[in-house]
Amino acid sequence: MTMMNPNQVLWEKGDFTRIAQSMRKSGEALVSQLDLTENHFVLDLGCGDGTTAIPAARLRAKVVGVDIARNLVEAGNLRAKKEGLSNIAFQQGDACNLNHLPDQSFDLSLSIFGAMFASKPNDAAKEMVRVTKPGGRIVMGNWIPGDPTLVAQILRISSTYTPAPPEGFISPMLWGVENQVIERFGQAGVAKENISFLRDTYVFHFTGTPSEFVNTFKKYYGPTMNAFEAAEKNGKAEVLQNELEALFHSQNTSATANVTTIPATFLRITVDVT
């Protein structure tokens with residue numbers, strides 16, 4: 001019997017589409033800055049159900065979305081069908097091994113909070129470079145370790161309740177460290193001067209209270225689900241709940257009742273492929 005990829009298990013565990021609904025506006029805003037046209041062939045790696053892939057297709061670019069989670073691939077294809085978008089296709093695949101995609105296929109390889117979770121970061125960097133055309137770009141959005149804003153703190157808090165990761169595990173948060181990014185793309189043949197960095201903001205918009213938003217993460221976001229399962233066993237689920245609720249309430253910038261708006265800082269990376 002083949003062992004399932006632990007990453008696939010994690011992202012198929014919940015239903016990330018429930019979280020993604022709060023990320024749509026920022027996904028559209030980010031894509032609007034990429035100057036895409038119908039002449040662009042775009043890869044969205046770790047695409048989920050299309051938070052950035054579908055806005056790219058609306059701009060008439062030809063888009064391939066790849067995600068490790070089968071349920072998210074299915075949800076993405078359903079969204080595209082509902083919108084009548086024939087210039088996009090979602091496929092299952094692992095960012096560490098895109099052997100189904102030919103060399104130098106894409107003008108833009110995009111990965112917003114996707115490829116950063118791949119288990120073999122050096123392989124993911126090599127694959128992104130391999131499938132991008134010379135003269136093309138790679139654009140990544142990655143959460144930053146130790147950052148005080150929402151997602152870095154959710155992942156930090158969650159990790160304190162879960163068992164230690166297996167030997168050889170490489171934290172996805174290292175994709176938010178500039179020298180790590182330079183090193184990874186460097187071993188894939190990219191010169192340091194072809195990599196640029198920008199601190200950017202991604203805003204979560206949720207219809208509901210901060211406490212309700214916490215419960216959405218608790219029910220549907222793999223890392224938080226794992227944290228609550230572990231906390232339950234140790235009698236600490238209420239402590240975890242209180243810690244997350246305090247975080248979400250403190251970071252909510254919405255002045256409207258029953259609406260939660262939380263900005264989160266991320267590292268935006270642009271790689272010019274030669």
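Values below: all heavy atoms of this structure, side chains included; hydrogens, waters and symmetry mates excluded.
- Listed here is the closest heavy atom pair of Ala115 and Ala95: CB-CB, 4.3 Å.
- For the pair Ser158 (side chain) and Leu155 (backbone), a donor-acceptor distance under 3.5 Å is absent.
- Using modelled atom types, no side-chain atom of Ser22 and backbone atom of Phe204 make a donor-acceptor pair closer than 3.5 Å.
- For Glu74, there are no side chain to side chain contact (heavy atoms under 4.5 Å, CB included) partners at least two apart in sequence or on another chain.
- Counting only heavy atoms from C-beta outward, the side chains of Phe217 and Ile154 approach each other to under 4.5 Å.
- Side-chain contact between Glu212 and Asn258: present, with at least one pair of heavy atoms (C-beta onward) separated by less than 4.5 Å.
- From Asn242, atom CG reaches atom CG of Leu247 across 12.5 Å, with rounding to the nearest 0.5 Å.
- A donor-acceptor contact shorter than 3.5 Å is absent between the side chain of Asn87 and the backbone of Lys62.
- Take Lys126 and apply the side chain to side chain contact (heavy atoms under 4.5 Å, CB included) test, not counting sequence neighbours, and it matches Gln187, Ala188.
- Judged by distance alone, the side chain of His40 and the main-chain N or O of Thr37 form a donor-acceptor pair under 3.5 Å.
- Other residues, nucleotides and ligands contribute only 12 or fewer heavy atoms inside 6.0 Å of the NZ atom of Lys120.
- The distance from the CG atom of Asn142 to the CG atom of Leu267 is 6.5 Å, given to the nearest 0.5 Å.
- Looking at heavy atoms from C-beta onward, Pro121 lies out of side-chain contact with Leu174 at the 4.5 angstrom threshold.
- Side chain of Arg130 to backbone of Leu101: a donor-acceptor contact under 3.5 angstrom is found.
- At least one donor-acceptor pair under 3.5 Å links the side chain of Ser111 to the backbone N or O of Leu45.
- Hydrophobic clustering, with ILVMFWY side chains joined whenever heavy atoms are under 4.5 angstrom apart, groups Val177 together with Ile170.
- Under the rule for a side chain to side chain contact (heavy atoms under 4.5 Å, CB included), the partners of Leu10 that lie at least two apart in sequence or sit in another chain are Asn7, Pro223, Asn226.
- Between atom CG of residue Asn97 and atom CG of residue Asp123 there is a gap of 8.0 Å, rounded to the nearest 0.5 Å.
- Under the 4.0 Å criterion applied to side-chain N and carboxylate O atoms, Glu28 and Lys25 are not assigned as salt-bridge partners.
- The closest side-chain heavy-atom distance from Ile54 to Arg58 is below 4.5 Å.
- With hydrogens and angles left out, the side-chain atoms of Ser254 and Asn252 include no donor and acceptor closer than 3.5 Å.
- Inter-residue side-chain proximity for Asp272 and Arg137 is flagged as met; some heavy-atom pair is nearer than 4.5 Å.
- Here the side chain of Ser159 pairs a donor or acceptor atom with the backbone of Arg156 at under 3.5 angstrom.
- The backbone N or O of Ile138 lies less than 3.5 Å from no partner atom in the side chain of Ser109, so there is not a single donor-acceptor pair.
- Residues Asn71 and Phe16 fail the side-chain proximity criterion, which asks for heavy atoms closer than 4.5 Å.
- Using modelled atom types, no side-chain atom of Thr51 and backbone atom of Gly27 make a donor-acceptor pair closer than 3.5 Å.
- For the side chain to side chain contact (heavy atoms under 4.5 Å, CB included) with Val31, the lone residue among Ile112, Val42, Leu36 that qualifies is Leu36.
- Between atom CD of residue Glu229 and atom NZ of residue Lys13 there is a gap of 3.5 Å, rounded to the nearest 0.5 Å.
- Gln241 and Asn215 form a side-chain donor-acceptor contact under 3.5 Å, judged by distance and modelled atom types alone.
- Looking at Thr224 and Leu244, their side chains come closer than 4.5 Å, going by heavy atoms from C-beta outward.
- No donor-acceptor pair closer than 3.5 Å links the side chain of Asp67 to the backbone N or O of Val73.
- Under the rule for a ring pair (Phe, Tyr, Trp, His ring centres under 6.0 Å), the partners of Phe266 that lie at least two apart in sequence or sit in another chain are Phe113.
- In this structure, the side chain to side chain contact (heavy atoms under 4.5 Å, CB included) partners of Tyr220, at least two apart in sequence or on a different chain, are Asp15, Arg18, Thr216.
- In this structure, Phe248 CZ and Glu245 CD are separated by 9.5 Å, a value rounded to the nearest 0.5 Å.
- At least one side-chain heavy atom of Phe197 sits under 4.5 Å from a side-chain heavy atom of Val181.
- Among pairs with a residue in residues 161-178, those fulfilling side-chain hydrogen bond (donor to acceptor under 3.5 Å, both in side chains) read Tyr161-Glu243, at least two apart in sequence or across chains.
- Rounded to the nearest 0.5 angstrom, Gln8 CD and Arg70 CZ are separated by 5.0 Å.
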